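Before any comments, here is the structure.
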Amino acid sequence: MKLASLPILYSNSNKEMGSSSYGRISKKLILLLTIAVCCGYIYHKSLAFRNEINLNPEDPKGGSAEIIDGTPAPPVSEYLLSEESERLTRKIPVSHVFVASAYYYPTSKSLGNNAVAFNMVVDSKNFDISKYTYNFVGANGTHTESGLAISQIEEEEMCRYAPTVARGNTVENLKKLELESGGTKVEIPFKMARYTAPKPVIICISPQFVAEQWQIFLMHAHTAHRPFKVFKMIRLDSPAPDEYIIDHYFKFLSNLKSSRFGAHIHIYVISIVKAYFELMKEYERQGYLTIENWMRMKFDKPGSQYFEPNLNTELRNQAGALTDCLLQYKEAAEYIAFFDLDDVLFPLNYPTYLEEFNAEYAQKPDATSLVYGRREHEFIKAETLAEYDFHELVASLKTSYTRAGKVVVKPERHNTTWIHASHREDPTKRIHIKTPHLIHVQRPIQKNGNNEIKDMWKSRFWRFNETIHEGDIAAIHEDIQRMKKNKEVARIANGLPSRDFYFPVVFKCYLKQFYGRKLTECPNAEKCVMPQRKDIKCMHTDAKYFSGPSSEPFTFHYFTNPFWSSDYGCYQ
């Protein structure tokens with residue numbers, strides 16, 4: 001019975017009954033029928049929804065786990081525009097700008113002295129922002145100076161907002177930084193760029209959300225990390241005192257040979273399963289990586305019409321996060337790699353990343369990047385930390401086709417990047433590495449799960465076809481075993497998820513939206529329904545958000561004091 005027919009049925013019944021008392025009974029009966037039909041309809045839709053996203057509500061330890069409804073309400077604002085057909089065409093008076101980060105460089109080889117860089121997301125459809133110059137003001141307490149910041153964008157044409165970096169030069173000893181639009185100034189928080197780095201190579205990992213694949217994290221963290229004493233790597237052109245530089249630099253060189261591969265991971269996180277977060281934090285304390293909160297974009301007081309920024313920015317502003325990492329380490333690292341967490345590189349010809357990259361660049365000194373192709377791989381993952389064995393993981397690896405690559409750059413040659421390689425880069429100046437490939441472990445296979453990922457992604461895998469030296473496998477395995485004995489890691493281990501839950505949900509959503517097909521909308525996970533489970537808790541980033549006064553042509557938005565919240569839920 002269709003719900004739309006109920007009012008008509010009710011009307012006809014009243015005309016034929018004639019008795020008022022009988023009519024009242026009839027009304028009650030029809031009301032009960034209406035409620036029953038509505039309940040049946042809702043139940044049917046809930047089943048259809050569960051089938052649509054292929055949920056597996058099975059609890060990892062047996063039994064069932066309750067799934068609760070959970071998609072955060074979209075932002076409510078009188079200024080919010082939501083007409084799908086107008087997302088890429090509608091012109092509005094103001095281009096809204098979210099400032100993700102800003103950096104100050106007392107000295108810079110590529111930017112000059114007293115440089116500033118604004119890392120932003122900008123509504124790019126109202127007018128051409130590709131070579132726009134932004135007005136800014138710098139002050140140091142005694143002197144104020146206006147400047148122009150030249151922009152460079154990494155635009156995806158199917159998205160309304162474009163990742164943008166604007167850079168310029170200002171006063172020395174900068175204390176206050178403002179962006180200006182239409183005569184209105186907004187003070188923007190900024191950070192000092194890094195002049196020291198834990199390792200000569202920094203691996204920038206794109207933002208994680210509803211992260212649960214701790215097995216892949218361990219593989220990457222232990223592969224990149226040096227399992228011996230670490231000395232800070234300091235560039236010889238650092239503003240630090242000369243004797244400090246020389247002492248630490250030679251200590252760094254003397255210890256380089258004891259490195260596994262000599263890289264430090266800088267990973268961006270939006271949301272993550274709580275036990276996995278605790279594991280990652282312990283690895284941070286042990287020096288394996290640096291975790292950075294990556295913010296969802298919010299306009300506190302928009303003041304004028306706007307399109308929702310997260311829905312209209314490519315892949316949770318992944319390009320912006322990688323660019324943030326580039327800007328942070330621009331003066332500190334010898335090389336920066338822009339990888340996903342499931343992109344793992346094993347050097348082939350030299351014992352460290354530094355030596356391997358140096359050798360490749362020596363063949364073409366003016367190259368702008370090294371491009372490593374990625375081969376898709378599947379592997380059988382351990383269900384518990386106690387079972388995690390690196391020898392077994394490598395033995396289970398199977399190889400598939402080569403996909404779009406990822407890049408390694410000399411940071412002084414770049415001011416922005418994109419998900420794979422900068423759109424601003426001359427492709428003829430890249431070095432394409434034939435071997436080794438990145439081992440892209442995108443398809444983790446559960447020992448005892450239903451592995452619906454195999455049905456969703458039908459691809460041929462064959463015998464493992466990359467080289468990992470036996471000595472490296474043994475050393476990485478030994479380092480993992482050492483960390484298993486860490487008291488905090490042992491405490492966390494029991495809470496780590498043993499079965500996939502969010503991974504197949506997101507993967508299916510991506511397959512339906514844009515994987516393997518021509519883009520028809522801005523690619524991101526904003527339309528993916530993230531079901532919540534009472535037995536799965538997540539940590540999520542949050543901050544205090546601010547908006548500058550409404551102004552034309554730009555209204556600026558930013559945040560301060562980022563923190564972790566356990567109250568938000570498991571969402572992007």
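Only heavy atoms go into these numbers, but all of them, side chains included; no hydrogens, no water, no symmetry mates. These figures come from a predicted structure and were not determined experimentally.
- Checked against the 6.0 Å centroid threshold, F299 and H96 count as a close aromatic pair.
- A side-chain N or O of S124 and one of E155 form a donor-acceptor pair less than 3.5 Å apart.
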| field | Stepwise salt bridge (charged side-chain N to carboxylate O under 4.0 Å, His left out) check, R403 with E376 | value | CA-CA 7 Å; R403 307 293 185 188; E376 306 288 358; 3.4 Å; yes
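- K447 places no side-chain N or O within donor-acceptor distance of the main-chain N or O of E383, the cut-off being under 3.5 Å.
- Less than 6.0 angstrom separates the ring centroid of H266 from the ring centroid of Y329.
- The backbone N or O of T416 lies less than 3.5 Å from no partner atom in the side chain of T323, so there is not a single donor-acceptor pair.
- A donor-acceptor pair under 3.5 Å is absent between the side-chain atoms of E156 and the main chain of Y161, judged by distance alone.
- Judged by distance alone, with hydrogens and angles left aside, the side-chain atoms of E212 form a donor-acceptor pair with the main-chain N or O of F503 at under 3.5 Å.
- Within the 3.5 Å criterion, the main-chain N or O of Y388 finds a donor-acceptor partner in the side chain of K484.
- For the 3.5 Å distance criterion, the side chains of N310 and E308 qualify, holding a donor opposite an acceptor.
- Looking only at atom types and distance, the side chain of H264 has a donor-acceptor partner in the side chain of T290 under 3.5 Å away.
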Using the salt bridge (charged side-chain N to carboxylate O under 4.0 Å, His left out) rule, take E83 and R90 through it: C-alpha gap first, then chi angles, then the decisive distance, then the call. CA-CA 10 Å; E83 185 60 46; R90 182 165 178 175; over 6 Å; no
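- Taking the six-membered ring for Trp and thresholds of 30 and 60 degrees, Y515 and F507 have ring planes more than 60 degrees apart, a perpendicular arrangement.
- Using cut-offs of 30° and 60° for the angle between ring planes, the F217 and Y283 rings count as perpendicular.
- The backbone N or O of E387 lies less than 3.5 Å from a partner atom in the side chain of T384, making a donor-acceptor pair.
- A donor-acceptor pair is defined here as one N or O able to donate and one able to accept, closer than 3.5 Å; such a pair exists between the side chain of D343 and the backbone of D340.
- For the pair F339 and L345, the minimum side-chain heavy-atom distance is below 4.5 Å.
- Ring centroid separation for the pair Y306 and Y79 does not come in under the 6.0 Å cut-off.
- Annotation: K298, atom NZ; neighbour count of heavy atoms from other residues, nucleotides and ligands within 6.0 Å is above 12.
- Counted by atom type alone, Y268 and N293 present zero donor-acceptor pairs between their side chains at under 3.5 Å.
- Aromatic ring centroids of F98 and H557 lie 6.0 Å or more apart.
- Judged by distance alone, the side chains of T399 and H437 never bring a donor and an acceptor atom under 3.5 Å apart.
- D342 and H440 are linked by a side-chain donor-acceptor pair at a separation below 3.5 angstrom, with hydrogens and angles left out of the test.
- Side chains of E292 and Q328: a donor on one and an acceptor on the other come within 3.5 Å.
- Taking the ring axis of F501 as reference, the NZ or CZ atom of R533 stays within 45° of it and closer than 6.0 Å to the ring centre.
- Put simply, the side chain of S400 never gets that close to the backbone of H377: no donor and acceptor are under 3.5 Å apart.
- Taking a 6.0 Å sphere around CZ of R285, one finds it holds more than 12 heavy atoms contributed by other residues, nucleotides or ligands.
- For K544 and F546, the positive end sits near the middle of the six-membered ring, less than 6.0 Å away and at most 45° from its axis.
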**Residues E521, R87; criterion salt bridge (charged side-chain N to carboxylate O under 4.0 Å, His left out); working and verdict** = CA-CA 9 Å; E521 57 185 316; R87 289 190 190 278; over 6 Å; no
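- Residues V441 and I439 form a side-chain contact, since some pair of their non-hydrogen atoms from C-beta on lies under 4.5 Å apart.
- Between F346 and F390, the ring planes are tilted. Angles from 30° to 60° get that label.
- Looking only at atom types and distance, the side chain of E526 has no donor-acceptor partner in the side chain of N312 under 3.5 Å away.
- Between L311 and K527, some side-chain heavy-atom pair lies under the 4.5 Å cut-off.
- The six-membered or imidazole ring of F190 lies away from that of Y103, with a centre-to-centre distance of 6.0 Å or more.
- Comment: K381 engages D500 in a salt bridge, judged by a side-chain N to carboxylate O separation of less than 4.0 angstrom.
- For the 3.5 Å distance criterion, the side chains of N119 and S101 qualify, holding a donor opposite an acceptor.
- Between Y288 and H222, the angle of the ring planes goes over 60°, which puts this pair in the perpendicular group of the 30/60° scheme.
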I would like to know whether R160 and E314 meet salt bridge (charged side-chain N to carboxylate O under 4.0 Å, His left out); could you show each step before the answer?
CA-CA 9 Å; R160 187 168 183 103; E314 184 180 20; over 6 Å; no
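- Residue-environment remark: NZ (K281) exceeds the threshold of 12 foreign heavy atoms within 6.0 Å.
- Ring planes of Y545 and F559: tilted class, angle from 30 to 60°.
- Without hydrogens or angle criteria, T164 side chain to A162 main chain gives a donor-acceptor distance under 3.5 Å.
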Let me see the working for H420 and F338 under ring-ring contact (aromatic ring centres under 6.0 Å, His included), right down to the final yes or no. CA-CA 8 Å; H420 292 283; F338 302 112; over 10 Å; no
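- Centroid-to-centroid, the aromatic rings of H477 and H391 come within less than 6.0 Å.
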